[in-house]
Amino acid sequence: MISAGIDVGTRFVKACIVKDGEVMGWAGQDVSRDIDRVIAGVYKKALEQAGIKKRQVKKLVSTGYGAKLVKKTSFTMSSDRCAAKGAFALDPTIRTVLDCGGLFLTVTAIDEKGVFERALSNDKCAAGSGKFLEMSAQAIEIPFSSISQYAELSREPYVISSNCAVFAESEVITQVNHGRNNTDIIAGVLHSIAGRAATLFERIQAQDNVALGGGLAAVPAFADRFEQMTERKTVSLPMPPQNFGAFGAALMAQQGDPFKEGSRRK
Amino acid sequence: MIVAGCDVGSLTAEAVILKDSQVLTSKIMGVRATAEKSAVCVMDLALAQAGLKYSDIDACYSTGYGRQAIPFSQKNISEISCHGMGAYWADNSIRTIVDIGGQDCKVISIDENGLVQEFIMNDKCAAGTGRCLEVLAKALDVELHELGPLSQKARKPINLTNKCSIFMELEVMQHVYKKRKARDIAAGINNAVAKRVASLSKSVPLKPNFAITGGVSKNVGVVSRMEKLLDVKFTPLTVDPQIIGALGAAIFAQKENGNHD
Amino acid sequence: MNNPSTENFAISRAALRASRFGAMLSRYPRALGWVRRLMLPLAIQDENSFNKHFRFFILLAGCAMSDPKDLKALGILSRDLNAYMENVMDEASDKPMVWSEWNLSNEILRAFDVRQYVPETFAIVSQMAGSDAAVEMIERAEEEGMAPEHCSAAKTAVGALLANEAPKPDVIISSSHPCDSVASSYQTLQYMTKVPMFVLDTPYWDDDKSFKHYENNLWDLIAFLEKHLDQKLDWDKLREICANVNQTNHYLQELSEMSRAVPSPTSVEPLLLSWLGRMAAFGSPNGMEFAELVHANARERLRKKRSFIEKEKIRMIWYDVPLVFAPLFPWLEKKFGAVVVSDFMGRIQTVPIDTSSPETMVRDLAKTHLYCTMVRHTRGPAEFYLEEFKKIIDEYSGDCFIFMGHQGCKGGWALRKMFRDVCREAGLPSLFVSSDIFDKRHVTEEEVKRQFEDFFRSNGLA
Amino acid sequence: MSDTLDIIKKLAEKDVNEYITQAADEGRKILGYMCSFVPEEIIHAAGMVPYRLRAVGSKETRLGDTYYSAINCSLVRHIFDKALNSEFAFLNGVVFMNGCDHARRMYDNWRNAFQTQGLGPEFLHMFVAPHTTSETSFQRFLDELRDFSDVLEKHFNAALTTEALQNSIAIYNQRRELLRGLNEMRKLPEPPIFGAEMLAVQSAMTSIPVENAVDLLEQLTIELQNRRIDGEGKLRIVLAGGAMEEIEHIQMIESCGAIAVADNLCTGGRRADVSVEEYGDPIAAVAKRYLYEVSCPRMIDEFDKRSASLEKIMKDYRTDALITEKLMFCDLWGGENFLLKQESKRLGFPMLSLEREMYGGGEGQMRTRVQAFFEMVRNRQS
Ligand SMILES: Nc1ncnc2c1ncn2[C@@H]1O[C@H](COP(=O)(O)OP(=O)(O)O)[C@@H](O)[C@H]1O
Ligand SMILES: Nc1ncnc2c1ncn2[C@@H]1O[C@H](COP(=O)(O)OP(=O)(O)O)[C@@H](O)[C@H]1O
Ligand code: SF4
Ligand code: SF4
Ligand code: SF4
């Protein structure tokens, strides 16, 4: 059976095509004003990559912040659950998935059967999110793809403690004006985001093994810092972490009634 | 006597050179890697334009976020005093100045000599600053300078309720997804920022005449909304609102170093 | 932003009109039931300029109460509520005006011949006049420089004072708990009004010494009132009120315990309303009649094994109640069949008052005050919350726990790890939502709904 | 340059110091506490060393945040983070106080951490003080102090005699007097010490045994006799607020052209204001001092008194302006700020309120504000 998952996040739209549990193709793109076009475009790209016609797709499931924007879905599913599902399908030893997206950090605990146990999100404030990293990188003119390289060079990370992403950004600028290295600053930003992720991780009392999902996980320096802080290893999975959500959604689509699965109600 | 003022902000750096109380030149440019570099760079440009050398300048004061790091300035003065003085110099009937910059906004009340009597500066949240406008404009996918004119055409402005600028962005996205008209959203954005600033200004005595400075004063949407909310009219200034800070610094330099007669 | 009105009590008057209209309609409970049913789909939609006013009215006209009999009970309660509002606005009256903080159940005050105003209720009153009114008041207070971290109820109270929506007080009574916000905001109110203020010092523990201390405080309060009001406490009246309160509490306590049944014959709404009533109608005949009626209705449903809502699917245990998103309850009911079976705001847990002598009355009133919502939990150690919470989990067969955290309650937020631990141990899924009970600027309704949906989905509840 | 001052500044920068370790080696128990209402005299009379918990040296609140939320006070989060990192392992007990909602929840959280993660020490005590100054409250407080003494006696097997208490009162009064002496010198047109330095002195004194504190302060008093700071062209300011331990922050303020000559900070001069009476029942004397003289916004019925005492400070120290300091999410100081602002309008003194997070940065904006404020004060004066 062929199914598709679309993850409409706060920063990116991702789509994934799955055939009998195997990934056929996937695509992602920035969100923008004309969201319908973006969704259609991403979906089309994923289909092309998979070499599949739209009508061959039996079921479509959407997830993420804007899940409702996707038309003609069988159902929508929350992103924490999809990310966990995706990660577990790739590696069944996984018990915890930390999804680090554009505005939300979510950590999900699953049991040995992959059944959802509980999930937690970060506090309402954006200073622990992918968006904050993007804004800071932009402010000090580091291309997003080189963040890790720059961060490695830092010897004395400058940790930004402001709770507010916008003000944190202005602190970044002040620090630059005071002549601080941009390497130290970007390392500090990573440190503070990783710190928040680690707190969340502590809060849920996570079990091994751990997988990092979401766009932030694609930044190696972030994953390193997170590992250092929590003193745990994360498992690297054979798929770009940003795609877990869409992949998980597509897998959900393959099953019959998703709401029954993992129901904890007695 | 020739004096200079230099304002290194978070996004732009400005330099103004005054000769016998007349503006000789002014220069604006984007900031460089450090405040020091920005200051030197912008001052070099200004001097070159005026055909002067550093040694020709009798006194130079600095202001703005980078004010402490400027090598050639004798004294640094806060943006707040400089904006007050600069606006006063441009039009000496001004008593209240609203300055909305990139990182903060301030409402300044000055006396009949252009000196600050009372001021307030936002500190709680970034909502209500130019940066917030930039973020929201980006979410709406319009250019910053279009935001003002676009919002003027709105019929049913949306209402942004959130207090936090990052989450305001999410709210804007939601409205975009719901296919609300861009002009209505733009108006909603401008209104939200104007409202923030307006509520700030309640704690300062608002005496006429009023002036608005800082980069956001170029956004007609915010300005007209502010006028409505505060029930005032802003007096247009004869100088570019963005150089007011540097101008104020230069005037202070002149005042404190010129011969008082 | 509207221009601040100069007319006194403009918002209160609008609210009173809405409330009177509701009271009038509730004389025809069946018709009202139909109106409600027809309007409900509009009410549970997101707020827009069209439904802004009547969606709160719908809530008032029975929240999720679909039983016509409950609507009738509501009508009874609203008589006192209206009387309360009229009384507050009655500037011609020569009775002294006493402001009293919202966590004090004011039996003693009622035994004096005074008019009473609960500053924080204004937050609820302004909801009746359209939900923007509360935000306007909050903004008003913040513009004046009031601390933004204060509880939004306190901010509305100060805003109301600034906007001429509050009557001029002669004395103020307050207490030192449930939270810092109250402790601090009453200093502000006192400073602004410059009238004598009495503060009850709420103890931390639950032991005899603590009760005794609070009892002594109550004696001080009586002396203070007698002195400043130049009246004597009418002990007979107090006895009457206490007897009534005992009865009312008995009904409400049983009501909250009936929710243990599956399906639950009642929900948080009647209790919340009675909480509102506690300020306006506690100890009054109407208050008791209300309690008696909702109790009887629930008992009837219990006997017939009928649910409070159409079809109960999810049983929720709540922490705090977001009054600004009141239409959330009908929405939860319609969309998910979710019903609140227990919460920390509406739940009544108290002792009967021994009315045999003034001494026994004051002794037991001290206890009832300290057992009152908010005060019962927040004033002391974590156990005050958690022990009760564990009991609720054991007894109420809840499916999930909703921690609708409020921005003012810093003390509650500081405990969330422990709440989560308890939930984990009990295998109860928990949702922590950051919201504010009166300030809708904090988080949008849409966002809250999204979180609920995700939560129910993820946990296989819906 | 003053040597003792340097020693003291070093003490302020660290949480553990040699004096404390030495006292511990000598077998004295160290008891941590959180709030100015906790009576040091009683702890001392039971043979222990009271030690005020500070956030100094804490870089982040990562572990603290597993318990607390983002809307809790950063001071409390930092301190609890340190506790979870076992940085307070040298304590034999901790006394909590119902000062504010954030701090009092630390009692709950610490107990939870003790149960679930074995976070020491075992002795965790909640000390309760009333929020009003009525006679009833006084009696209750007296009772609480007696109970507190009993608990200490029982748990630590100590004998808390009246005589011991009298001695403790005497030595703490001595420390207060010495600090007051220093404050007296700050009234001079050329004060001997910067506000930032004075804060270091005040914070350090709560982290060492009182005997050492008295010695150090005596030396410091002598050394400061000849030290003068050029006050020319500098404004004299007074600081008010709750917990304040960021010395760099005050340095920043002073570098904008001012000297902080007085303060009404919880961790500062307020502790030294009034001595405990040395006659009569010592417990009652302690109760009187702590209930009526701590002067904190958590006391609901004495704002007038607080305002009057601040006014007096401003007069005595001839200050030009007031700066209030508050931490984000602090209800109590938020409310107090508002009231002080009204008072500043009424009495016509300039006031600036600063809000910060503990060790939270954001210096750039803060500096602009302070500098502009000073410029404004000067404008008004001229
Ligand atoms: N090429 C990239 N450009 C920009 N941001 C990227 C890129 N790759 C990863 N990111 C990071 O990923 C984040 C978005 O992650 P994602 O999981 O897609 O979030 P969401 O699901 O909320 O849209 C961004 O905020 C950014 O930090
Ligand atoms: N052409 C424009 N139209 C509308 N807004 C503008 C324009 N140019 C700048 N701005 C606004 O001005 C802000 C920058 O203001 P500015 O006073 O230069 O900041 P700062 O003093 O911090 O350097 C920007 O964030 C932006 O919102
Ligand atoms: S402080 Fe900043 S990130 Fe936080 S709530 Fe405000 S704008 Fe948002
Ligand atoms: S709702 Fe919370 S913040 Fe408000 S008064 Fe009650 S306990 Fe305090
Ligand atoms: S600063 Fe305020 S909130 Fe923080 S510990 Fe002190 S009193 Fe409590």
Side-chain angles (χ1 to χ4, degrees), chain C residues 144-151 154 158 174-188 190-192 197-205 209-210 212-214 216-217 219-220 378-383 385-386 405 407-418 421 432 434, chain D residues 66-73 76-77 80 98-109 111-113 116 126-137 139-140 143-144 147 297-304 307 326 328-339 341-343 353:
Chain C
E144 198 67 22
M146 199 187 168
E149 39 272 287
H150 279 179
C151 176
V158 171
S174 171
S175 74
S176 66
H177 271 80
C179 64
D180 291 344
S181 183
V182 164
S184 192
S185 64
Y186 271 82
Q187 299 185 41
T188 302
Q190 197 269 338
Y191 186 91
M192 292 168 88
M197 175 165 85
F198 184 84
V199 184
L200 290 146
D201 181 46
T202 324
Y204 183 82
W205 299 106
K209 273 185 184 166
S210 302
K212 185 74 197 158
H213 174 55
Y214 196 77
N216 291 339
N217 267 282
W219 284 111
D220 290 351
T378 53
R379 72 190 159 84
E383 284 78 2
Y385 263 124
L386 300 177
Q407 292 308 293
C409 296
K410 322 281 191 312
W413 275 109
L415 283 182
R416 72 171 170 185
K417 153 134 194 315
M418 286 188 225
D421 282 358
F432 287 73
S434 173
Chain D
T66 57
Y67 277 84
Y68 281 100
S69 79
I71 64 164
N72 287 116
C73 162
V76 171
R77 276 153 56 204
F80 198 57
N98 60 337
C100 69
D101 291 343
H102 314 253
R104 86 186 153 95
R105 286 299 183 207
M106 207 192 289
Y107 173 58
D108 300 308
N109 284 331
R111 277 183 307 147
N112 181 280
T116 58
M126 184 72 178
F127 177 81
V128 179
H131 285 78
T132 65
T133 54
S134 68
E135 179 58 27
T136 306
S137 289
Q139 291 303 333
R140 178 75 199 88
D143 218 30
E144 180 75 19
D147 287 351
R298 74 178 280 282
M299 301 303 285
I300 306 182
D301 54 0
E302 54 161 34
F303 176 73
D304 293 345
S307 169
K326 95 172 244 290
M328 243 168 175
F329 307 114
C330 177
D331 290 299
L332 296 173
W333 283 98
E336 189 78 352
N337 252 350
F338 174 76
L339 295 177
K341 190 89 210 172
Q342 308 301 316
E343 289 288 277
S353 34

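Residue numbers begin at 1 in each chain, while the letters A, B, ... track the order of the sequences.
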Measure the shortest side-chain to side-chain distance between D:Cys100 and C:Lys410 over non-hydrogen atoms and say whether it is less than 4.5 angstrom.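 Sidechains of C:Lys410 and D:Cys100: no contact.
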Can a donor-acceptor pair be found, under 3.5 Å and without considering hydrogens, that links the side chain of [X] to the backbone of [Y]?
X	Y	answer
C:His213	D:Ser137	no
D:Asp101	C:Asp180	yes
D:Arg104	C:Arg379	yes
D:Thr132	C:Asp201	no

Atom group of [X] that falls short of 4.5 Å from chain D, counting heavy atoms:
X	value
C:Ser174	neither
C:Tyr214	neither
C:Thr188	both
C:Asn216	both
C:Trp205	side chain
C:Gln190	neither

Minimum heavy-atom separation for [X] to [Y], with atom names?
X	Y	value
C:Trp413	D:Ser69	CB-OG, 3.4 Å
D:Met328	C:Glu149	C-OE1, 4.0 Å
C:Ala147	D:Gly335	CB-N, 3.8 Å

Relative to chain C, which of [options] shows the most heavy atom pairs under 4.5 Å?
options	value
D:Asn109, D:Thr116, D:Asp304	D:Asn109
D:Asn112, D:Val128, D:Val76	D:Asn112
D:Leu332, D:Thr66, D:Asn337	D:Leu332
D:Asp301, D:Ile71, D:Asp147, D:Asp143	D:Ile71

Between atom [atom1] of [X] and atom [atom2] of [Y], what is the distance when rounded to the nearest 0.5 Å?
X	Y	atom1	atom2	value
D:Phe303	C:Ser184	CZ	OG	10.0 Å
D:Phe329	C:Gln407	CZ	CD	8.0 Å
D:Arg105	C:Lys417	CZ	NZ	14.5 Å
C:Met192	D:Gln342	CE	CD	7.0 Å
D:Ile300	C:Gln187	CD1	CD	6.0 Å

Heavy-atom distance under 4.5 Å to chain C: side chain of [X], backbone, both or neither?
X	value
D:Tyr107	side chain
D:Glu302	neither
D:Met299	backbone
D:Cys73	neither

Which one of C:Gly411, C:Gly405, C:Ser210, C:Gly412 has the most heavy-atom pairs closer than 4.5 Å to chain D?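 Option with the greatest count: C:Gly411.
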Shorter than 4.5 Å, heavy atoms on both sides: which option in C:Met146, C:Lys212, C:Met418 has the most such pairs with chain D? C:Met418
Holding to side-chain hydrogen bond (donor to acceptor under 3.5 Å, both in side chains), I want the full list of residues that pass it with D:Glu144, two or more places apart in sequence or in another chain. D:Arg140
